[in-house]
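Convention: sequence-line order gives letters A, B, ...; per-chain numbering from 1. The analysis underlying the following values was restricted to heavy atoms, covering all of them including side chains, and did not include hydrogens, waters or symmetry mates.
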Number of protein chains: 2
Amino acid sequence: MSTVKPTRTGDRQAGEGSPAYHHGNLREELVEQALKLAEEGGLLAVSVRAAARLAGVSPAAPFRHFPDKMTLMTAVAEEAMRRFRAEIALALAQEVDDDPMLRIRAIGRAYLDWARRNPTHFEIISSRRSIDFDGSPSLGRENAEIQAQIEALLLEAAQRGLLRCNDRHLIQIAARALVYGLARMLVDGHFPSWQVADADIEGTMAKVLDLFVDGLVKERPRPEL
Amino acid sequence: MSTVKPTRTGDRQAGEGSPAYHHGNLREELVEQALKLAEEGGLLAVSVRAAARLAGVSPAAPFRHFPDKMTLMTAVAEEAMRRFRAEIALALAQEVDDDPMLRIRAIGRAYLDWARRNPTHFEIISSRRSIDFDGSPSLGRENAEIQAQIEALLLEAAQRGLLRCNDRHLIQIAARALVYGLARMLVDGHFPSWQVADADIEGTMAKVLDLFVDGLVKERPRPEL
DNA sequence: CAATAAATGTAATCAATGATTACATGATTG
DNA sequence: CAATCATGTAATCATTGATTACATTTATTG
């Protein structure tokens with residue numbers, strides 16, 4: 001409509017000022033704009049057409065790169081998961097203590113922190129009915145890598161005789177259920193019912209995580225707090 | 001809710017064969033049909049128009065009873081929550097043991113069982129961004145009643161010296177986070193990533209719940225298992 | 001009991017969205 | 001250069017939430 005149609009495709013340098021008939025990088029930009037829409041307006045604000053609008057292309061253009069909306073959302077989830085995973089890896093790398101349970105706690109904190117700061121992105125990677133999780137090698141791999149790290153830490157904890165329960169797989173599911181539940185309670189808006197003010201959510205989550213981890217270890221009470 | 005107040009529009013007995021201009025009970029039937037749509041086709045299958053179709057009225061008719069879709073979904077959530085709460089109350093009434101932690105475990109099992117058997121209904125009462133939770137006294141009341149029951153049980157457990165941690169409110173949030181996380185993992189389709197077959201989900205959830213409750217109590221290991 | 005008001009339903013219509021099809025344009029390459 | 005493929009547009013469709021004007025049934029009341 002309003003926009004001129006400069007018939008030059010190239011020159012899409014960093015400036016990205018001049019739209020051309022061929023966008024040059026539409027696929028990635030659609031994912032980026034969808035992430036922005038999610039961040040700013042929640043899941044309901046994410047539509048194929050809105051992403052196309054932001055990218056400056058026609059409503060039909062996205063379907064050249066994604067057969068349907070679910071495939072686009074899967075690509076969005078892949079990028080979100082990449083960031084999620086990177087932040088967890090960073091937190092683990094920054095945890096100096098080598099106590100495996102403390103390292104697991106550090107993962108949990110990073111998990112919760114990311115979810116709190118990126119609620120809609122967390123929602124996107126979590127609702128595996130709205131994305132093709134099984135069809136995405138990247139999603140499966142990154143998810144498995146997080147699980148593998150916790151698994152290794154639990155094995156080490158068991159070898160050090162820290163664990164009260166022998167079924168490590170069960171512990172792992174319980175741990176995931178706890179942090180997932182906390183993150184979901186946040187995303188789904190449950191904390192107001194629990195008299196937890198917004199400012200206290202971070203601290204409450206941390207304390208709940210500590211309570212849970214304490215329940216896993218054998219005897220030694222945690223030194224601090 | 002069984003009793004229909006027959007406003008005598010048109011002989012809508014059990015046969016319900018003769019549609020009349022005035023339905024007579026449209027509000028409740030819309031809620032019922034929406035619940036059925038959710039049960040059979042998931043959240044995506046629930047639309048105002050589909051409910052109207054099933055009720056045999058025009059697409060605009062529902063808007064005489066609900067100002068918008070969210071209000072309808074809130075009414076749906078109220079009915080689902082009523083059933084959810086009733087089942088939890090029943091399970092608690094049927095738990096003979098008076099050990100407060102076992103009674104809490106019974107609530108958790110009923111919670112998980114209902115969510116497993118009614119995943120979309122659970123999703124509806126859980127996603128408080130898609131319903132007007134704060135605007136519904138019924139939703140708030142029933143939710144608060146469940147919390148109050150657990151609170152009382154935790155108080156009793158504390159008085160009996162069963163609890164390892166003094167902060168009961170924190171324990172309560174942790175407990176809710178755990179069962180909510182498990183239920184959400186189920187609803188959101190996470191269990192396949194955990195090598196938990198569908199048939200094992202019920203047992204896995206029960207074991208995770210036990211693991212968590214065991215982590216809360218002071219010393220006494222559970223007798224069974 | 002009839003007139004009138006209120007409640008409740010319908011028809012028509014609108015805007016937004018996901019999706020498809022036919023066509024246009026630009027890029028790639030033999 | 002010309003053929004071919006990738007990538008964009010325009011036009012269109014069905015579905016959905018929502019609104020408005022109108023119709024019909026029920027309730028109220030003089």
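- Classification of B:Glu39 and B:Lys36 as a salt-bridged pair fails, no side-chain N sitting under 4.0 Å from a carboxylate O.
- Rounded to a whole Å, the CG atom of B:Leu44 is 12 Å from the P atom of C:dG18.
- For A:Arg27, the salt bridge (Lys or Arg N to Asp or Glu O under 4.0 Å) test picks out no residue, with sequence neighbours left out.
- When the side-chain nitrogen and oxygen atoms of B:His65 are compared with OP1 and OP2 of C:dA7, none of them lie within a distance under 4.0 Å.
- Here the C1' atom of nucleotide C:dT8 and the CD atom of B:Glu29 are 15 Å apart, to the nearest Å.
- In this structure, the side chain of A:Ser127 does not engage the main chain of A:Ser130 through any donor-acceptor pair within 3.5 Å.
- No side-chain N or O of A:Arg176 forms a donor-acceptor pair with one of A:Tyr180 less than 3.5 Å apart.
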Distances under 3.5 Å between nitrogen or oxygen atoms of protein and nucleotides 15-20 of chain D:
residue : atom : partner : partner atom : Å
D:dT16  : OP2  : B:Arg53 : NH2          : 3.4
D:dG17  : OP1  : B:Val48 : N            : 3.2
D:dG17  : OP1  : B:Lys69 : NZ           : 3.1
D:dG17  : OP2  : B:Val48 : N            : 3.0
D:dG17  : OP2  : B:Arg49 : N            : 3.2
D:dG17  : N7   : B:Arg49 : NH1          : 2.6
D:dG17  : O6   : B:Arg49 : NH1          : 3.1
D:dA18  : OP2  : B:Lys69 : N            : 2.7

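- In this structure, the CZ atom of B:Arg27 is 17 Å from the C1' atom of C:dG9, given to the nearest Å.
- In the model, A:Arg184 has no side-chain atom that pairs as donor or acceptor with a side-chain atom of B:Ser126 under 3.5 Å.
- We find that CG of B:Asn25 is positioned 16 Å from C1' of D:dT26, with the value rounded to whole Å.
- The number of heavy atoms from other shown groups lying within 6.0 Å of CG (B:Leu44) does not exceed 12.
- As a whole-Å value, the separation of B:Glu28 CD from C:dT8 P is 12 Å.
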